[in-house]
Amino acid sequence: MLEDLSTKESTSIIRRTKQAVMPSVISKEFRDGYSIYPSFSIAEGLISSGYSSLADWMISKKTVCVDGYVAVDWVGIKAALEKEFAKRSVRVNWIETKDFLKPEGEIDKMVAPYMGNEDSVWGKVCDLSLNDFFDMEGLKKLEANQEFEVNIAWGIGASFVNSLNSIAYFDIPKNELLFRVRGKSAYNIGSKTRFNMKETYKRLYFVDWIVLNAHKKAILSKVDLIADCQWLDTINWIQGEDLRNSLSEMSKTVFRPRPWFDPGVWGGQWMKAHFQELAQDEVNYAWSFEIIAPENGLVLESSGQLLEVSFDTLMFQESKNILGSGHPRFGDYFPIRFDFLDTFDGGNLSVQCHPALDYIQENFGEQFTQDETYYIMDCKEDAKVYLGFQEDIEPNRFRKALEESVVEEKELEVTEFVQEFKSEKHKLYLIPNQTVHSAGRNNLVLEISATPYIYTFKMYDWLQRDKDGKPRPINIEHGFRNLDFSRKGDLVEREHISKPYVFEERNGAKIIQYPTHPEHYYAIQRLDIKDQVQVQTADKVHVLMLVEGSKIELEDSAGNRQTFHYAETFIVPAAAEQYKIKNLGEGEAKVILSYLK
């Protein structure tokens with residue numbers, strides 16, 4: 001739900017970010033390097049643009065349910081459509097689903113069990129449904145008013161109105177949703193008063209996204225039109241059947257999700273220097289979310305028009321093609337995460353750990369836990385990785401030192417307790433759940449991980465402060481319920497720093513195996529390519545990134561070719577069966593590859 005954006009002076013008020021909205025049309029400017037707006041080309045003429053064509057579609061259908069996602073500008077889009085209907089002298093009966101939401105206080109009580117403690121950033125994944133938020137009896141009784149040429153049920157949950165015969169779905173990318181929340185222009189479902197940012201995000205993650213995603217999945221096969229609503233001055237849309245056919249095509253060949261970027265207190269300057277399309281006036285970039293399925297989008301391109309759908313839209317329809325043999329275990333959950341942690345000329349990440357599997361399941365309702373690895377893409381000479389405990393670790397003394405650091409705001413001598421290793425380019429550090437770790441400044445870390453991504457128990461944060469000058473939250477209690485103190489001494493060198501070896505040599509290529517920890521459900525290889533290499537998916541999804549070299553070309557078994565540049569992440573579905581990577585640059589190309597064990 002979004003307040004009336006037409007009263008705002010600029011998008012900078014609506015969106016709290018210095019990054020521009022993705023263009024609605026593909027750029028004609030030549031670019032030979034990392035793109036922040038990757039797109040997947042589909043058949044010509046499938047994406048329409050503008051409110052005029054959308055109004056004509058609605059008039060042709062006569063009765064339409066316009067369902068959609070939280071943070072869509074329902075007020076502004078309705079106003080734009082009303083102008084188009086007025087031009088055509090078409091009278092419209094608008095049925096607002098927000099009028100059938102349960103009272104805000106009742107909704108607050110309903111979601112309270114999933115919101116965790118007030119001072120916590122975590123709640124628990126809910127088991128609610130979207131219909132729990134509505135007076136369903138009232139919604140289902142609604143019928144078209146024959147006195148109007150067009151009847152439109154309008155807003156989240158509109159498809160519950162059974163009497164209207166067409167369904168449109170209005171979506172918005174998760175990064176734009178979060179930028180609008182930060183700009184204080186978006187609310188949670190059924191909220192008319194703002195939460196603070198922490199509470200709003202917690203409610204989004206543990207409640208709103210859960211119920212909205214389940215609802216989207218349930219109606220996806222019946223949707224007649226899907227619109228991308230990230231722009232404030234236009235709208236792009238596609239027929240439902242055309243979208244479903246395009247997703248089917250995508251699920252059998254290589255594609256690249258759209259990354260998004262965020263600053264942070266420890267953030268660095270590497271990405272700003274290397275990714276020229278990024279806003280250069282941002283103070284830093286801490287993260288690049290290359291592929292975090294719950295938040296990434298997929299951009300379709302047709303006749304130059306762009307339209308973004310959420311990554312999970314593809315998974316809801318095509319998860320078996322994407323995951324292959326991994327589908328029985330993971331369903332429509334995409335299990336592998338790639339992201340950058342940039343501390344070049346920045347700060348240190350917190351000394352932290354992630355929860356044990358039973359802990360995350362019992363306390364937060366997640367199915368899988370946050371098992372990670374750090375692959376060093378680049379680093380300066382002084383860069384460090386902190387991993388595992390010193391041999392003589394005494395848990396009680398460590399805890400006392402952490403608590404004194406918080407109370408007295410004094411520096412902790414981290415290496416008295418935690419081991420320090422010199423960062424080395426292309427080295428892989430293994431961080432299964434319960435392992436103490438941190439990345440020091442002057443690293444560019446490619447984090448190859450399981451998908452869960454918010455369960456970081458920070459125990460020491462180098463006295464860094466948030467954007468408001470306040471100490472960042474510390475989670476010593478959660479940490480000490482999960483830390484594995486047996487991961488110490490020489491065992492860390494043996495079991496938590498991968499020892500790569502040549503698994504296979506072929507003409508013009510080497511396959512380097514990076515053994516991962518037994519608790520990691522994913523494996524990691526590197527393809528070192530002088531000329532080209534043929535790869536079989538073996539019925540597994542492949543997530544890849546060019547980590548050294550300038551450019552490669554990937555050709556699938558049908559002969560379709562796509563080019564990828566240094567640091568770009570791309571996915572080959574299990575259903576692709578095989579593909580060929582050709583090195584287009586000078587020198588050897590190195591491609592990191594992760595797949596399910």
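Every value quoted in this text rests on a predicted model; they were computed, and no experiment measured them. For the numbers below, each heavy atom of this structure counts, side chains included, while hydrogens, waters and symmetry mates do not.
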Less than 4.0 Å between a side-chain N and a carboxylate O, is that true for [Y] and [X]?
X    : Y    : value
E176 : R16  : no
E106 : K109 : no
D461 : K458 : no
D108 : K102 : no
K61  : D224 : no
D339 : R337 : yes

Ring centers of [X], [Y] separated by less than 6.0 Å:
X    : Y    : value
H437 : H354 : yes
F389 : F398 : yes
Y522 : Y595 : no

Residues in salt bridge (charged side-chain N to carboxylate O under 4.0 Å, His left out) contact with [X], at least two apart in sequence or another chain:
X    : answer
E143 : none
D208 : R203
E495 : none

For [X], side-chain hydrogen bond (donor to acceptor under 3.5 Å, both in side chains) partners two or more places apart:
X    : value
T373 : none
S246 : none
S350 : Q352
K597 : T516

(request) State whether the side chain of T451 and the backbone N or O of P335 hold a donor-acceptor pair below 3.5 Å, judged by distance alone. (result)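 Yes, because the side chain of T451 sits within donor-acceptor range (under 3.5 Å) of the backbone of P335.
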(message) Using modelled atom types and a 3.5 Å cut-off, is there a donor and acceptor pairing between side-chain atoms of S39 and backbone atoms of V299?
(response)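 Absent.
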(request) Establish, from distance only, whether the side-chain atoms of S319 and D332 form a donor-acceptor pair under 3.5 Å. (result) no
Could you list the residues that satisfy side-chain contact (heavy atoms from CB on, under 4.5 Å) with [X], not counting sequence neighbours?
X    : result
S129 : N131, D132
N245 : E241
A168 : W57, V64, V66, F170, L225
E96  : K78, K98, D99, W154

Could you pull out the closest heavy-atom pair between [X] and [Y], with the gap in Å?
X    : Y    : result
G157 : L139 : O-CD1, 4.3 Å
S185 : I14  : OG-O, 3.0 Å
E290 : F261 : OE2-CE2, 4.4 Å

(message) Tell me which pairs pass salt bridge (charged side-chain N to carboxylate O under 4.0 Å, His left out) where either residue lies in residues 306-330, with sequence neighbours left out.
(response)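 Only K174-D312, K216-D312, R258-E308 qualify under salt bridge (charged side-chain N to carboxylate O under 4.0 Å, His left out).
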(request) Fit a plane to each ring of F330 and Y333, take the angle between them on a 0 to 90° scale, and name the class: parallel (under 30°), tilted (30 to 60°) or perpendicular (over 60°). (result)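 Plane angle under 30°, so parallel.
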Could you give the distance from [atom1] ([X]) to [atom2] ([Y]), rounded to the nearest 0.5 Å?
X    : Y    : atom1 : atom2 : value
M315 : F334 : CE    : CZ    : 6.5 Å
L306 : S24  : CG    : OG    : 7.0 Å
I571 : F255 : CD1   : CZ    : 4.0 Å
M459 : L402 : CE    : CG    : 7.0 Å

(request) Verify the neighbour count for atom NZ of K124: are there more than 12 heavy atoms of other residues, nucleotides or ligands below 6.0 Å? (result)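 Yes, the 6.0 Å shell around NZ holds more than 12 heavy atoms from other groups.
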(message) Within 45 degrees of the ring normal and closer than 6.0 Å to the centroid, is that where the cationic atom of R399 sits relative to F480?
(response) yes
